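Have a look at the structure below before the remarks.
This one's a predicted model, so the numbers in the text were calculated from it and none came from an experiment. Below, read A as the first sequence line, B as the second, and so on, with proteins coming before strands; counting in each chain starts at 1. FYI, side chains are in, hydrogens and waters are out, and symmetry mates aren't considered; it's all heavy atoms of this structure.
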Protein chains: 2
Amino acid sequence: MTTEQEDEKSWEEWIRLVAEEYGLNLEKKDRETEKQKRILEAAMHIFSERGFEGASTSAIAERAQVAEATIFKHYRSKKGLLLHLVIPAISRVATPFILRPVLKILDQDKPSEELFRELYADRVRLVERNWKKIKIIVVESLFQPELREALQDHVARSIYEVMSERIGDWQREGRLRDDLPTHVVARSILSIGIGYLLAKNIFPRYLAQGEEEQELAWMAEVLLHGIAGPKEKEEG
Amino acid sequence: MTTEQEDEKSWEEWIRLVAEEYGLNLEKKDRETEKQKRILEAAMHIFSERGFEGASTSAIAERAQVAEATIFKHYRSKKGLLLHLVIPAISRVATPFILRPVLKILDQDKPSEELFRELYADRVRLVERNWKKIKIIVVESLFQPELREALQDHVARSIYEVMSERIGDWQREGRLRDDLPTHVVARSILSIGIGYLLAKNIFPRYLAQGEEEQELAWMAEVLLHGIAGPKEKEEG
DNA sequence: GTGATAGGTGAGTAAGTGCTCACTTAACTG
DNA sequence: CAGTTAAGTGAGCACTTACTCACCTATCAC
């Protein structure tokens, strides 16, 4: 679709454009008013409950106990409000800042099974703490191409790069199979985690309840050694 | 949340209520007009592109080359139109009809690796053919509780039941590990498949392009034997 | 023929929608 | 103190939304 060159600089470019168009203030910690906080909280709640199109600015204003015009004073437009909510979250997730705990976990001197269990435990906690925002980002990226592209170009890429570096190392060390390409290994790790999160948040019925520790251990088990039984292993 | 007893009869009950409220005609193949077909096609396209709330009936009417009033003649309301589109699809997916190919594949006398590869190939094809509708169903079920409950009670359950029966058999035969609970095995199988579909449809960039056969084989490999390398296996 | 039924429509309607504007209030700056 | 700036708002704007209604046409049974 787009060429690699275009992708390289697109994130910073895009952020700057968005910041200009929607009046997004990036680094400067310009103190938020009490009302601004309430607006963002209300927006998060209502966007995640009804979706962007289904949420009305009047409903957000009402929940925030604020005049509707106040929203537009600060965020210029409804879409600006969405981006104010979502971009800082994406930035935080995408920078090394949030990937550092991952590396910290993986660099410990422990059996892989334990490392992956800790990794999953950590990421699951992170996602749960930010579930509403993540829901908004994921759903809206399905419908807003610019948001989707920003996610692809920045978030997915940086996660993938960090992962694939470690995977390469581990394959050379013999901790991971070296007959699988990196992207398959990376996707497998993510798939098991995402599968669990989907189950937990959408179909909690199909989970052993109150046994998260055990579930996380099983995830690491399956990821590392698969689900094949003894009979299969003889044949292979 | 809800008790088991309530769940048991909820699907048929719910369908009947929906059918009455929105004038949904279930079995009787009462011939669709040319215009009705066009409306459904347009609705599918626009719902999946903009989401339910983001889609306007006027846009649907325009795409279908039909007067807006015609939509309401046949489907009573916008939500009725959505359900007309979505419920037959769910029903078809949820009934044994669509699960039969799955069993047919799994009952062949072949190595597990091959069976899972065929299974994934088959399901991936199915999802791709119906991607637009599936997208609508998944996204809308996040926002419409009744739809979500219908999915949970009916679709998830019937899939889970079919899967867990086979899994139990295979565990007893030694084809699958018997030290994992059924729901973990089932979730693992689904996770690997869903992970691939997400990658393919949302982040196609991270896929070996034009090598679907190979990708499917890797999925089955990872599912059965995991990603651990030789060093790990010695220790375990 | 008459009547009934169903498909289809143009022209509306009331109730929102996102957003603007003129304005007030309060807090800081010199 | 006056002057500037930012936070905040009530009233209203142009426009869109889902939906209705009276009406037309075509088919078909009697």
Q: Quick one: label Ala61(B) by what it contacts on the DNA or RNA (base, sugar-phosphate, nothing), any heavy atom closer than 4.0 Å.
A: nothing
Q: Establish, with yes or no, whether the OP1 or OP2 oxygen of dT9(D) is under 4.0 angstrom from a side-chain nitrogen or oxygen of Lys35(A).
A: yes
Q) Under 4.0 Å between a side-chain N/O of His74(B) and OP1 or OP2 of dG8(C), yes or no? A) yes
Q: Between dG18(C), dT9(C), dG8(D), spot the one nearest the side chain of Val66(B), thanks.
A: dT9(C)
(Q) Return whichever of Glu34(B) or Ser77(A) has its heavy-atom-nearest nucleotide of DNA chain C closer to the 5' end. (A) Glu34(B)
**Q.** Stepwise side-chain contact (heavy atoms from CB on, under 4.5 Å) test for Lys200(A) and Glu215(A)
**A.** CA-CA 11 Å; Lys200(A) 182 160 184 184; Glu215(A) 289 280 356; over 6 Å; no
Q. Starting at CD of Glu68(A) and ending at P of dA11(D), how long is that distance when rounded to a whole Å?
A. 14 Å
(Q) Whole angstroms only, please: what is the NZ-C1' distance between Lys37(A) and dG8(D)? (A) 17 Å
Q.
Any side-chain N or O of Lys79(B) below 4.0 angstrom from OP1/OP2 of dA18(D)?
A. no
Q: Nearest-nucleotide wise, let me know which of Ser58(A) and Arg76(A) is further upstream toward the 5' end of DNA chain C.
A: Ser58(A)
Q: Would you please say whether a donor-acceptor pair under 3.5 Å links the side chains of Tyr160(B) and Glu165(B)?
A: no
Q: Look at the side chain of Ala67(A) and decide which nucleotide, out of dG7(C), dG10(D), dC19(D), has an atom nearest to it.
A: dG10(D)
**Q.** Minimum-distance nucleotide (side-chain atoms of Lys73(B) versus dA18(D), dG8(C), dT20(C))
**A.** dG8(C)
(Q) Rounded to whole Å, please give me the gap between CG in Leu40(B) and C1' in dG7(C). (A) 15 Å
Q) Are any non-hydrogen side-chain atoms of Tyr75(B) and Leu24(B) less than 4.5 angstrom apart? A) no
**Q.** pair Val184(B)-Pro181(B): side-chain heavy atoms closer than 4.5 Å
**A.** yes
(Q) We want to know whether Thr57(A) and Glu68(A) form a side-chain donor-acceptor pair, criterion being a heavy-atom distance below 3.5 angstrom. (A) yes
Q. Which nucleotide sits closest to the side chain of Ser56(B): dT9(C), dA18(D), dA7(D)?
A. dA18(D)
Q: Could you check whether Ala59(B) gets within reach of a base, just the sugar-phosphate, or nothing at all, counting any heavy atom under 4.0 Å?
A: nothing
Q | Short side-chain N/O contact to dG7(C) OP1/OP2 from Thr70(B), under 4.0 Å | A | no
Q: Could you check if a side-chain atom of Arg117(A) sits within less than 4.5 angstrom of a side-chain atom of Trp218(A), using non-hydrogen atoms only?
A: no
Q. Just how far, in rounded Å, is P of dG10(C) from CD of Glu62(B)?
A. 13 Å
**Q.** Pair of N/O donor and acceptor under 3.5 Å linking dG18(C) base with Lys78(A) side chain
**A.** no
Q.
Side chain of Thr33(B) only, heavy atoms from C-beta on: which candidate in dG8(C), dT20(D), dT20(C) is closest?
A. dG8(C)
Q. Within this structure, what is the CD1-to-P distance between Ile71(B) and dT20(D), rounded to whole angstrom?
A. 13 Å
Q: Respond yes when some side-chain nitrogen or oxygen of Thr57(A) is under 4.0 Å from OP1 or OP2 of dG18(C), and no when none is.
A: yes
Q) Between Phe72(A) (CZ) and dA14(D) (P), how many Å, whole number? A) 17 Å
**Q.** Distance in angstrom units between Glu53(A) CD and dG16(C) P, rounded
**A.** 18 Å
Q.
Distance check needed: dT20(D) P versus Tyr75(B) OH, whole Å only.
A. 17 Å
